[in-house]
Structure formats: structure tokens, C-alpha cells
Amino acid sequence: MRWSRFYLFTTREVPKDAEVVSHQLMVRTGMIRKTAAGIYSYLPLGWRSLSKLMAIVRRELGVAGSVELTMPAIQPSELWKESGRWAEYGKELLRMDDRHGRDFCFGPTHEEVVTDIVRKDITSYRQLPVNLYQIQVKFRDEIRPRFGLMRGREFLMKDAYSFHAGEDSLEDAYEAMGAAYERIFEACGLDFIRVEADSGAIGGSASHEFMVVADTGESLVLRCEGCGYGANQEKAETKGLEAPERRSEAADATVVPTPGKTTVEDVAQFLGVEPQRVVKTILYRTETGPVAALVRGDREVNSVKLKNLLGVQDLELAEQDLVEQVSGAPVGYAGPIGLDGVRLIADRSVEGVTAFVCGANQPDAHWVGASLARDVHLDRFEDILLVGGGDPCPSCGKPLTISHGIEVGHIFKLGTKYSEPMGCSFLDDQGESHPMTMGCYGLGIGRTVAAAIEQNHDEKGVVWPLPLAPFEALVVPLNMNDANVVGTADSIYQALLEKGVDALLDDRKERPGVKFNDADLIGVPIRVVVGSKSLANDQVELSLRRDGEKKLVPIAKVAEAVLDEIVGESPRPKS
RNA sequence: CGGGGCGUAGCUCAGCCUGGUAGAGUGCACGGUUCGGGGCCGUGAGGUCGGAGGUUCAAAUCCUCUCGCCCCGACCA
């Protein structure tokens, strides 16, 4: 491709609405253009990188046994009503109606559509398993789209769905897809981790996320350096926290005034105890009534764990009125002692806490010297703890580290969540009908490319890993008025094309400085600079964007040398 | 959904408080110079000041409404 005929316009200015590097660079390099909030056009340079990723995805999913199709972006409400999600899915679902007043939505995901397809074709266990995928534009009406392609409203996603006669078959597909994801992200040169994720209250028996470690990531992941355990924060467990020092417990707990002390920190300081000795009582509202969650004062409740444990649909922090109604005191003074008519769920972190402090269920007062055994009767302790960095690993006990991650892929064992209500069933060898067991597998195309930039850039611009680079090599003639320079550059460019190298020729009549800066910005991995000085010795300059080291190469051997670099840059299989 | 901020040239922004001829840098066009890291000199084109209404002799500037965009928050008692 000749730059002068390509559609590629870089900018020096950083767009004011771009906060993260990947967004800034994608705009500055002319990869994307915002069309509306959270909605982007993919310009030619960006589309080339996205296409490279899509090619890798197609290749690896083929290996995993998934078959490509394309489903409609616009979906009829009937299917969503069948699965129940028309009512469940909130405002993120973009709904619309047609001229006849029929309801539709712009698909944020395609479980309903694919299930509808499969139930019409598959009737026997002999036809299973089935594994289908598509790469398609989706829409989720996010409250706050941000970070460019990282969290857009419209986005490109690969989504795959598998259908099985049973758990074993699902397990096979799940592993095959997980392995494919690892190959894909490895091919992209990404530093990623696979972590356990929450699989929700309904259906799913397992779920993993693929996270790219980056400070700009919006998710939190916990990892163990020791044994390789990894989980996102919603799912993460811990071996058990060290209990605060035991205290002998007085005969009775007493209520003390704590005027205006509504936070654990304030109460602990006011009473002169460690926050670990406070038991925190958090009230939630659910569709099955209020719930009180107990957690050690220095820790937080993991509401996802709590929600799963209770098996409820809705779980939200109780509003002020409900808190007063349930605890008889304003927010800040709830406690487990004498808290009637509310389900009490205690985290394991409170188990060993003796002589503790807790809210007295009356305004401006707390209990001190309370005892679990004497004052609160709890049958058991649950895991509803939000695990943090430093907590012991659940499998080996070493301290976990916490980091931000960008979720680039998510694989999920769905079970029969969709197949059952939608009647997607098959006959087994006994002639009995069963709903199919399903898996689904998502991979964010735009987000993965953004993550790759997030992880591969310097102060001058993008430093593309070769597999995702929009071009593999850039040929830069420095002086467009020098016929020899232009001619040599052109013949090198042609030679590269003949060898199958994805090459870009910067044939613009620009000053060298402009060309160098643009070259650094767009980050093409291999650069061939043709200048009159080295040309005098029949040499050109070859360098890699990654390290910038220049070496002189005879003109006749340039194409060969570029090929060598491409081979050298290609990811090697991990042993 | 709550709070805050911003909409002025293609882009980044001044001007608004204190009403009176629409500005800079960059980009773009043309000419010259330069030709290995966004060089220099000159000339020029380019703006319904987001939109509507109001106040005023006069509104980018003050008031009201509206649209768009951005940021923060949306929970730990």
C-alpha cells in the first residue's frame, strides 16, 4: 500500500476526550473516529489491525471445532420474551419498534437467536455437539461509555455458543475453547491471565475470564504467584483471615453511646479498638425480603457472593427508610444482636472475633464486649468476603496480589438456562427428551486490540506486536525529490510485496521529520529507511520499532532481511 | 439517575467575569527556502460563537429553555 493512496491521517493533537493511552493513540493514528458517544467508525488503519485479529480468531476457533455463521443484529422481542430476558435485561438493551409497532432490540448477545436456530435443526443426540460462532457488531447501551474501544456501546465481538447432550461433552468444548483463547491471546503478544469468574446464581457451573493486566483495566483480579491461582474479585476466595487477638469476654455486653459515629473507622477510633474487633452489619433489600450481612469491620461484603448464596435475582443495599424500619436506627447503628425478622448471613471473617463491637440497633449507640456464642446465635459462617490483595491464597496460602485487568474474553458454562425455557431439546438413545447443555464464549475484538496498544506503546506511539500490526513493514524514502531515493524505495517496496510482506510505502512529499514521527506513531514493526547518505554505499537502514536499533543492509538483501525479522518476530509456541 | 464541567476555524484552545470590529497555535491552500527527527519566511482561504427564545440601541459575552459531549458519584452502615 502506498501511503498517498491509503486513507491515513494522523494528528499531533491529543483529543480532549481521550483519557487512556490506547484511546489517544487510536485516534491520533487515525485508526478510529468517534461518530457518537461510545460509537466509533473503524478507519482503514484500525480496520487492518482488527482484521488481523479476526483472522487469528477464525483460525484458532476453526482448530477448536467452532463453525462460523452470522446472525442478525436486530432481534425480535418474542425470542427474548421466551427466555425471560426481555423483562430482565435492563436499559442496556437497546429496544426499538418497526413500522408495524412490533418490538425489536439491537442484540447485545445472541443466546436467544442461536438457540432458536439450533432447536429447529437439532433433534437427536446423534447430531450433537454443535459449536457455532460469529464475529459481529453488538450494542449495549452502557450508562457511561468510555476509553474508546475499551468500553464502547457499539462494539465488535466474537461470540460462540456450543450445544451438548451432556456435561462431559460441554467440558470438552469448554476446554477446547479455553485453549483456543490462550493461543489467540498468545499470538497477539498479550500478557494475559485466565481467572475464575463468577458464574451467577442461575445455571452456569463454571466461568473463566481472560484478563490483560493493565492499570487502566476496569476489573480487579487476584492472583497467586505461588500456585497460579487466579480469580476476579467477584469470585476470589481466601483461605481464611487471621483472627484478631482473643479477648476474654465479660459476663455481659454493654451498650455505650457513640453519638454521630456511623462508620466502622469512627466507632473503632472513638472506642479505642481495632476495626477488626468491630462486626459490621450491612442491610440489603432483596425480592424475598431484607437480609443482614455480617462482615469483619475492616473488610467488605462481596455482594455477588451474597447474591449467589441467597439465590435471589435482585440484591441491593437497603435504602435509608428500610434500614430504619429493620434496625430501628438510622444508617450506621445496625447490629446483629436482637435483629429480628431478618435473615442473618455471617461471613467467616467474623467467626473468631471475640468481645466485639457492633451497632445497637438504636440511634447513637453500639454494643461493646459482645459475644457470638452468647449474644448472637449463628448456625454457620459463609463466604461473603470481598477478597483483597495480601489475603492468603485459597489453595496454597501465599498472599494474593491484586491488579487491574482488561477483560478480553469470557467463557461460560451456561447449562440449560436458555435451552430449557426455549424448548431446545434432543432425544437421547432411550428416546427421552432433554434440554441441551450449553456453553457460550465471548471475545472482544476491539477491546483486545485496544488492550494490545495499552500494553505495547511508548511515548512516541504504538509499538505493534507483529501479528496485530496494520502493516508489517514500512518503507520510508526520505527525500522525494531525489530520483534515486524514490526509485530505490519503490523497488524495495515492490520486492517486499512480491515476497508476501504486508508493506506500506510512505511516498508522501513530507519532510523526514514528519515521516519519522508518523512512523513511530503508527508503530509498524519493521522499518526500512532509504536516504541519500547510505544510498551512496548501496545501503539502506533497517530498524525495528521495538528497539529502534538501526543497521545498514545492502539494497539487494533488504527484502530477505525483512523476512528474517518477520520470522524472528513471530510468536513462538510456548513449551 | 445525582453532582460538576465543556460546546468559539478541520483540531487544541483564548476571548465571556466588566455587552460594542471574532482571535492564537496547529492544520489546510499558494509562493519561496530547506531536505536524516513535526525546520524557516511570506501570502491566503476558513467560524450561523451547539440550537431556540428573552433582556438590550447593541449579545460569543447577561437570563431562560433545549440539544450534544466529557468527568465524578451512584453501595460497606
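Here is the naming used below: chain letters follow the sequence lines, and residue numbers restart at 1 for every chain.
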Discussion item. Distance alone, cut at 3.5 Å: any donor-acceptor contact between the side chains of A:Ser534 and A:Glu541?
Written reply: no
Discussion item. For B:U56, give the paired nucleotide (Watson-Crick: N1-N3 plus N6-O4 or O6-N4; G-U: N1-O2 and O6-N3; both under 3.5 Å), or none.
Written reply: none
Discussion item. Quick check: closest heavy atoms across A:Tyr333 and A:Thr258, and the distance to 0.1 Å?
Written reply: OH-O, 3.5 Å
Worksheet entry | A:Glu19 CD to B:C69 P, straight-line distance once rounded to whole Å | 16 Å
Item to complete: Sequence neighbours left out, what pairs pass salt bridge (charged side-chain N to carboxylate O under 4.0 Å, His left out) with at least one residue falling in residues 327-349 of chain A?
Response: none
Discussion item. Under a 3.5 Å cut-off for both contacts, is B:U21 paired Watson-Crick or G-U wobble with anything, and if yes, with which nucleotide?
Written reply: none
Fill in: Pairs satisfying salt bridge (charged side-chain N to carboxylate O under 4.0 Å, His left out), at least one member in residues 313-334 of chain A, at least two apart
A:Arg285-A:Glu316, A:Arg285-A:Glu319
Extract from the structure each pairing of a protein N or O with an N or O of nucleotides 74-77 of chain B at less than 3.5 Å, listing the distance.
residue : atom : partner  : partner atom : Å
B:C76   : O2'  : A:Lys280 : NZ           : 2.8
B:C76   : N3   : A:Val301 : N            : 3.2
B:C76   : N3   : A:Val301 : O            : 3.4
B:C76   : N4   : A:Val301 : O            : 2.8
B:A77   : OP2  : A:Val264 : N            : 3.3
B:A77   : O2'  : A:Gly332 : N            : 2.9
B:A77   : O2'  : A:Tyr333 : N            : 3.3
B:A77   : N6   : A:Leu283 : O            : 3.1

Practice prompt. For B:G47 and B:G4, measure between their P atoms and round to the nearest Å.
Written response: 36 Å
Item to complete: May I ask which nucleotide in the shown strands pairs with B:U26, Watson-Crick or G-U wobble, both distances under 3.5 Å?
Response: B:G10
Discussion item. Distance check, C1' atoms only: B:C1 and B:U12, in whole angstrom units.
Written reply: 33 Å
Item to complete: Using the P atom as the reference point in each nucleotide, state the distance between B:G51 and B:U8 in Å, no decimals.
Response: 10 Å
Fill in: Neighbour count above 12 (heavy atom, 6.0 Å) for A:Asp215 CG
no
Worksheet item: Roughly how far apart, to the nearest Å, are B:G36 and B:G23 at atom C1'?
Response: 37 Å
Item to complete: In sequence, state the C-alpha distance, the side-chain angles, and the governing distance for A:Asp518 and A:Thr10, and then conclude on side chain to side chain donor-acceptor pair (under 3.5 Å).
Response: CA-CA 7 Å; A:Asp518 272 343; A:Thr10 61; 2.7 Å; yes
What N/O pairs connect the protein and nucleotides 40-42 of chain B at under 3.5 Å? Give each pair on its own line.
none

Discussion item. Could you go through A:Arg546 and A:Glu569, starting from their C-alpha distance and side-chain angles, then the distance that decides it, and tell me whether this counts as salt bridge (Lys or Arg N to Asp or Glu O under 4.0 Å)?
Written reply: CA-CA 10 Å; A:Arg546 183 160 40 78; A:Glu569 283 291 292; 2.2 Å; yes
Worksheet item: Rounded to the nearest Å, what distance is computed from the OH atom of residue A:Tyr40 to the P atom of nucleotide B:C69?
Response: 11 Å
Practice prompt. Rounded to whole angstrom, note down the C1' distance from B:C71 over to B:C30.
Written response: 43 Å
Fill in: By side-chain contact (heavy atoms from CB on, under 4.5 Å) - contacts of A:Leu386 (at least two apart)
A:Gln233, A:Glu300, A:Asn302
Worksheet item: According to the Watson-Crick and G-U wobble definitions, with both distances under 3.5 Å, which nucleotide is paired to B:G38?
Response: none
Worksheet item: Does the side chain of A:Lys16 get closer than 4.0 angstrom to OP1 or OP2 of B:G7 through an N or O atom?
Response: no
Worksheet entry | A:Arg527 vs A:Asp520, salt bridge (Lys or Arg N to Asp or Glu O under 4.0 Å): CA-CA, chis, key distance, verdict | CA-CA 10 Å; A:Arg527 185 183 309 176; A:Asp520 290 337; 2.5 Å; yes
Practice prompt. Could you please spell out the steps behind the salt bridge (Lys or Arg N to Asp or Glu O under 4.0 Å) verdict for A:Asp538 and A:Lys557?
Written response: CA-CA 11 Å; A:Asp538 286 331; A:Lys557 293 189 174 171; over 6 Å; no
Worksheet item: How far does the C1' atom of B:C69 sit from the matching atom of B:A29, given to the nearest Å?
Response: 31 Å
Worksheet item: On a whole-Å scale, what distance lies between the C1' atoms belonging to B:G50 and B:U43?
Response: 33 Å
Worksheet entry | Face-on cation placement of A:Arg140 at A:Phe155 ring, 6.0 Å and 45° thresholds | no
Worksheet item: When every nucleotide of nucleotides 30-39 of chain B is labelled 5' to 3' by its protein contacts under 4.0 Å (heavy atoms), B for base, S for sugar-phosphate only, - for none, what sequence of letters results?
Response: ----BBBBBB
Discussion item. For a ring-ring contact (aromatic ring centres under 6.0 Å, His included) check, start with the C-alpha distance between A:Phe9 and A:Tyr7, then their side-chain angles and the critical distance, and finish with the verdict.
Written reply: CA-CA 7 Å; A:Phe9 307 100; A:Tyr7 192 91; 4.9 Å; yes
Worksheet item: Taking the same atom, C1', in B:U61 and in B:U56, what whole-Å distance lies between them?
Response: 13 Å
